[in-house]
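Written out below as structure tokens is the structure these notes cover.
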Amino acid sequence: MQEAIKHYMEVLRKKGINNIHRFPIGYPKGKALENMDPELKRHFDAGEIFVKRQEHSEFEIFRREVGYSMPKDISDFLNDYWQPGIFGYYKNFPACFLLFSALKNKGEGPDDFLLRPDSGLIAEAKRWVSYGGDLSKYLPIGIYDPYATLFLLYEVETGRIFLEDYDNEGIPETEPVADSLSEFIFGLYLL
């Protein structure tokens, strides 16, 4: 996972996105910026896009709320860096993908970002369930096209990445987008 994220950071640099404030999507704006952990905000203001995490999440909240342990590649992805959300285009898909962010607010512990009602992984998972999604099989890890908001889904058993079916909320497409999360991140590009 580390190599995929490092590759993605290089993709950003090549496109001139060398500061988190130049992120077109994913980064919190306005009030959310005011609530960010001061140490994390200091790193972002200094030009870092991904901030290496010093304290790691245990994901006990996730297990308690969702019913199983966080898959290892997802926990590695979320525990490596505080980040505003990985975005980009993939293969021949015409719209942009956005993986959920991992950002810490003032006074929060290392797991609290998972519970945030407006953008937390657990809140998004519960929203997907309300559309008929099956969390025992698929975990939402991002969205496709921030305007249409189809979920990007992680197949729990295999680690393959699927897109939610456009015509059937709560159901994945039949063919995977990628065979793994790291393959997906390696394949992201920016226009």
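In what follows, every heavy atom counts, from backbone to side chain, and hydrogens, waters and symmetry copies are set aside.
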Could you go step by step and tell me if L188 and V11 meet the side-chain contact (heavy atoms from CB on, under 4.5 Å) rule? CA-CA 8 Å; L188 289 174; V11 167; over 6 Å; no
For a side-chain contact (heavy atoms from CB on, under 4.5 Å) check, start with the C-alpha distance between L12 and F87, then their side-chain angles and the critical distance, and finish with the verdict. CA-CA 10 Å; L12 290 176; F87 71 97; 4.3 Å; yes
Take R160 and Y138, measure what side-chain contact (heavy atoms from CB on, under 4.5 Å) needs, and give me the verdict at the end. CA-CA 10 Å; R160 295 183 304 171; Y138 297 93; 5.9 Å; no
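Side-chain atoms of D112 and N105, non-hydrogen and from C-beta on, never get closer than 4.5 Å to each other. A heavy-atom distance below 4.5 Å is not found between the side chains of L114 and E65. Side-chain contact between F97 and I161 is absent, with no heavy-atom pair separated by less than 4.5 Å.
Every residue two or more places apart in sequence or in another chain that forms a side-chain contact (heavy atoms from CB on, under 4.5 Å) with P140 is listed here: F100, A125, W128, L135, F151, L153. Annotation: ring-ring contact (aromatic ring centres under 6.0 Å, His included) contacts of Y154 (sequence neighbours excluded): none. Among residues two or more places apart in sequence or in another chain, the salt bridge (charged side-chain N to carboxylate O under 4.0 Å, His left out) test is passed with E108 by R116. Here S75 pairs with nothing under the side-chain hydrogen bond (donor to acceptor under 3.5 Å, both in side chains) rule; sequence neighbours left out. Listed by chain and residue number, D37, R42, H43 satisfy the side-chain contact (heavy atoms from CB on, under 4.5 Å) test with E39 (two or more places apart in sequence, or in another chain). Under the rule for a side-chain contact (heavy atoms from CB on, under 4.5 Å), the partners of Q54 that lie at least two apart in sequence or sit in another chain are K52. A search for ring-ring contact (aromatic ring centres under 6.0 Å, His included) contacts involving F62 returns Y68, not counting sequence neighbours. Every residue two or more places apart in sequence or in another chain was checked for a ring-ring contact (aromatic ring centres under 6.0 Å, His included) with F59, and none qualifies. Legend: residues meeting ring-ring contact (aromatic ring centres under 6.0 Å, His included) with H56, ordered by chain and number and at least two apart, are absent. With sequence neighbours excluded, the residues that form a side-chain contact (heavy atoms from CB on, under 4.5 Å) with D76 are M1, K72.
Sorted by first and then second residue, the salt bridge (Lys or Arg N to Asp or Glu O under 4.0 Å) pairs involving residues 92-104 (not counting sequence neighbours) are E55-K104.
How far CG of L40 is from CG of D45: 9.5 Å, rounded to the nearest 0.5 Å. Taking CD of E157 as the reference point, atom NZ of K137 lies at 9.0 Å (rounded to 0.5 Å). Taking CD1 of I143 as the start and CG of L98 as the end, the distance is 5.0 Å to the nearest 0.5 Å. Taken to the nearest 0.5 Å, the CD1 atom of I141 stands 5.5 Å off from the CG atom of L99. With values rounded to the nearest 0.5 angstrom, F77 atom CZ is found 6.0 Å from I5 atom CD1. In this structure, the separation between CH2 on W82 and CD on E48 is 14.0 Å, given to the nearest 0.5 Å.
Here the closest heavy-atom approach between residue S136 and residue D134 is recorded as OG-OD1, 2.6 Å. K106 approaches M36 most closely through the heavy-atom pair CG-O, 3.4 Å. Residues F113 and R53 approach most closely at CE2-NH1, 3.7 Å, considering heavy atoms. Scanning both residues, P172 and F162, for their nearest heavy atoms gives CB-CB, 4.0 Å. Shown here for Y144 and P94, the closest heavy-atom pair between the two residues is OH-CD, 3.2 Å. Contact between L78 and M70 at its shortest, heavy atoms only, is CD1-CE, 4.1 Å.
Within the 3.5 Å criterion, the main-chain N or O of L103 finds no donor-acceptor partner in the side chain of S101. Without hydrogens or angle criteria, D111 side chain to E58 main chain gives a donor-acceptor distance under 3.5 Å.
Hydrophobic clustering (ILVMFWY, side-chain heavy atoms < 4.5 Å, transitive): F186 and M9 are in distinct clusters. V156 and I122 fall within the same hydrophobic cluster, defined by Ile, Leu, Val, Met, Phe, Trp and Tyr side-chain heavy atoms under 4.5 Å apart, directly or through other members. Residues V129 and L139 are members of one and the same hydrophobic cluster, defined by side-chain heavy-atom contacts under 4.5 angstrom among Ile, Leu, Val, Met, Phe, Trp and Tyr. In this structure, I171 is not a member of the same hydrophobic cluster as L163, with clusters built from ILVMFWY side-chain heavy atoms closer than 4.5 Å.
The environment of R127 atom CZ is dense: over 12 non-hydrogen atoms of other residues, nucleotides or ligands sit within 6.0 angstrom. No more than 12 heavy atoms of other residues, nucleotides or ligands sit less than 6.0 Å from atom CD of E175.
Using bins of under 30°, 30° to 60° and over 60° for the plane-to-plane angle, the ring pair Y8/F50 lands in the perpendicular bin. Using cut-offs of 30° and 60° for the angle between ring planes, the Y90 and F184 rings count as tilted.
Through chains of ILVMFWY side-chain contacts below 4.5 Å, L191 is grouped with Y89, Y189.
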